[in-house]
Amino acid sequence: DWVSLPTHVEFPTSDGQVAHAWVYLPRNPQVQAEPGALPPLRVRVHGGPTSAASPAFSLGLQYWTSRGFAVADVDYRGSTGYGRPYRELLRGQWCVADVEDACAAAGHLAERGLVDPAHLAITGGSAGGTTTLLATTLHDVFGAGVALFAVTDIHELVAVTHKFESRYFDSMVGPLPAAADRYTDRSPITHIARCRTPLLVMQGLEDAVVPPAQAEAVVAALAAHGVPHAYLAFEGEQHGFRRAENQVRALEAELAFYGAVFGFSPPDVEPVELESAEHLPGR
């Protein structure tokens, strides 16, 4: 009675293409929504970028559906599992196609009347965090974003990446130095001054893939422009949080953040302190 089962959804996106998502609706036998109420939506963007969402049972995902959220686990163009032609749609289009598909997924579910269009959130880690930052900066779809150890400067990522991925971004963005301007344009840090969407940024302080300075630059830009935001830095964590207490804190902080932005008070979680909270809509 507690488990929300996934439904595979195809939805239209840019360039006449379709993209995919696993959609989970809220499920909690102890709570009944008010008649006519629609749930908030949490769009999750996987990393990789050429990875994939999984419909396998996840307690972390069920955390959200049991607390009244719908979840769309997006397999944007370029995700594995849908054949080579679909995966190759991301060639040269990372930080474009994935962003458009995340926005399109939220719009599609809102248009179908499955979620509340006023309460749309997006989250992701690593490359998914990059998508999150671009979606909340360049598009007016989401009311909140949560970026974990996000790549904010693709130039820096290419400079420090390991041998296995040393030529990865030639196909995802373009070969350097010819595509240098494209790397700049696709980097969230280039555009972050335009962001007006409340953001929660979380970062491991020993991350060698995405150094903390990248997250700190985003936070500084948000502060300079009075954008509601919070920053959680985790001692001893690398690219992905491994300590159980930090995983719990990150999960609960995300829920508390959505509560602060969307105007509800989740029980039994430590609040997060928002900078520039007076600029939240409705305040």
Side-chain angles (χ1 to χ4, degrees), residues 13-21 43-53 74-105 122-139 145 147-195 201 203-204 206-218 221 238-240:
T13 187
S14 60
D15 300 325
Q17 299 285 342
V18 298
H20 304 266
V43 171
R44 176 190 174 271
V45 185
H46 65 70
T50 50
S51 183
V74 176
D75 274 331
Y76 51 79
R77 285 169 288 174
S79 302
T80 55
Y82 300 88
R84 182 183 294 272
Y86 188 75
R87 182 168 57 81
E88 292 187 342
L89 290 175
L90 198 63
R91 284 189 171 270
Q93 294 300 309
W94 181 43
C95 299
V96 177
D98 49 315
V99 177
E100 293 172 346
D101 293 356
C103 294
I122 182 171
T123 185
S126 193
T130 309
T131 306
T132 295
L133 292 176
L134 290 170
T136 52
T137 298
L138 301 180
H139 298 267
L148 299 90
F149 37 92
V151 178
T152 66
D153 187 328
I154 306 174
H155 285 287
E156 289 193 18
L157 176 65
V158 172
V160 302
T161 193
H162 47 85
K163 289 183 179 180
F164 181 71
E165 292 187 343
S166 62
R167 314 309 301 179
Y168 188 27
F169 302 100
D170 287 7
S171 63
M172 295 297 100
V173 182
L176 289 169
D181 289 347
R182 194 182 305 165
Y183 279 71
T184 299
D185 186 58
R186 302 278 180 87
S187 295
I189 197 62
T190 302
H191 309 284
I192 197 65
R194 297 167 51 184
C195 182
V201 177
Q203 175 71 38
E206 294 186 9
D207 192 334
V209 178
V210 179
Q214 291 204 29
E216 291 161 3
V218 167
Q238 302 177 34
H239 197 61

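Everything numeric in this text was worked out from a predicted model, so none of it was measured. Index from 1, following the sequence.
In this structure, Thr190 contributes its side chain and Thr184 its backbone to a donor-acceptor pair below 3.5 Å. Between the side chain of Asp153 and the main chain of Val151, no donor-acceptor pair closer than 3.5 Å is present. Here the side chain of His46 pairs no donor or acceptor atom with the backbone of Ala127 at under 3.5 angstrom. Looking only at distances, no side-chain donor or acceptor of Tyr86 sits under 3.5 Å from a matching main-chain atom of Thr80. Judged by distance alone, with hydrogens and angles left aside, the side-chain atoms of Tyr76 form no donor-acceptor pair with the main-chain N or O of Leu90 at under 3.5 Å. Remark: the backbone N or O of Ala52 is not paired with any side-chain donor or acceptor of Asp75 at under 3.5 angstrom. Looking at Thr132, its side chain never comes within 3.5 Å of a backbone N or O of Gly145 through a donor-acceptor pair. The backbone N or O of Trp94 sits less than 3.5 Å from a side-chain atom of Arg186, completing a donor-acceptor pair. Using a distance-only test at 3.5 Å, with no hydrogens or angles considered, no donor-acceptor pair links the side chain of Tyr183 to the main chain of Pro177.
Annotation: the span from Cys103 atom SG to Leu138 atom CG amounts to 9.0 Å, rounded to 0.5 Å. Note that CG of Leu89 is 12.5 Å distant from CZ of Arg84, once rounded to the nearest 0.5 Å. To the nearest 0.5 angstrom, Gln238 atom CD is 11.5 Å from Gln203 atom CD. The CZ atom of Arg77 sits 15.0 Å away from atom OG1 of Thr50, with the distance rounded to the nearest 0.5 Å. Summarising the geometry, atom OG1 belonging to Thr131 is positioned 7.0 Å from atom CD1 belonging to Ile122; distances are rounded to the nearest 0.5 Å.
The heavy-atom pair separating Ile192 from Thr137 by the smallest distance is CD1-OG1, 3.7 Å. Shown here for Ala150 and Ala147, the closest heavy-atom pair between the two residues is CB-CB, 4.1 Å.
Using a 4.5 Å cut-off on side-chain heavy atoms (C-beta onward), Glu156 and Ile189 make no contact. Residues Asp185 and His191 meet the side-chain proximity criterion, which asks for heavy atoms closer than 4.5 Å. Side-chain atoms of Cys95 and Thr130, non-hydrogen and from C-beta on, do get closer than 4.5 Å to each other. Within the 4.5 Å cutoff, no side-chain heavy atoms of Thr152 are placed close to those of Val210. Looking only at side-chain heavy atoms (C-beta outward), Ser79 and His20 stay at 4.5 Å or farther from each other.
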Yes or no on side-chain hydrogen bond (donor to acceptor under 3.5 Å, both in side chains) for His155 and Ser187, after CA distance, side-chain angles and deciding distance? CA-CA 8 Å; His155 285 287; Ser187 295; 5.6 Å; no
- Do Phe149 and Val209 pass the side chain to side chain contact (heavy atoms under 4.5 Å, CB included) test, and can you show the C-alpha distance, the side-chain angles, and the key distance before you say yes or no? CA-CA 9 Å; Phe149 37 92; Val209 178; over 6 Å; no
- Task: Under the side chain to side chain contact (heavy atoms under 4.5 Å, CB included) rule, what do Leu176 and Phe169 come out as? Steps first, then yes or no, please.
- Result: CA-CA 9 Å; Leu176 289 169; Phe169 302 100; over 6 Å; no
Requested in this report: Test side chain to side chain contact (heavy atoms under 4.5 Å, CB included) on Glu100 and Gln93 and set out the steps.
Outcome: CA-CA 10 Å; Glu100 293 172 346; Gln93 294 300 309; over 6 Å; no
Next on the checklist: Show, in sequence, the C-alpha distance, side-chain angles and deciding distance for Ile154 and Arg182, and conclude whether the side chain to side chain contact (heavy atoms under 4.5 Å, CB included) test is met.
Outcome noted: CA-CA 10 Å; Ile154 306 174; Arg182 194 182 305 165; over 6 Å; no
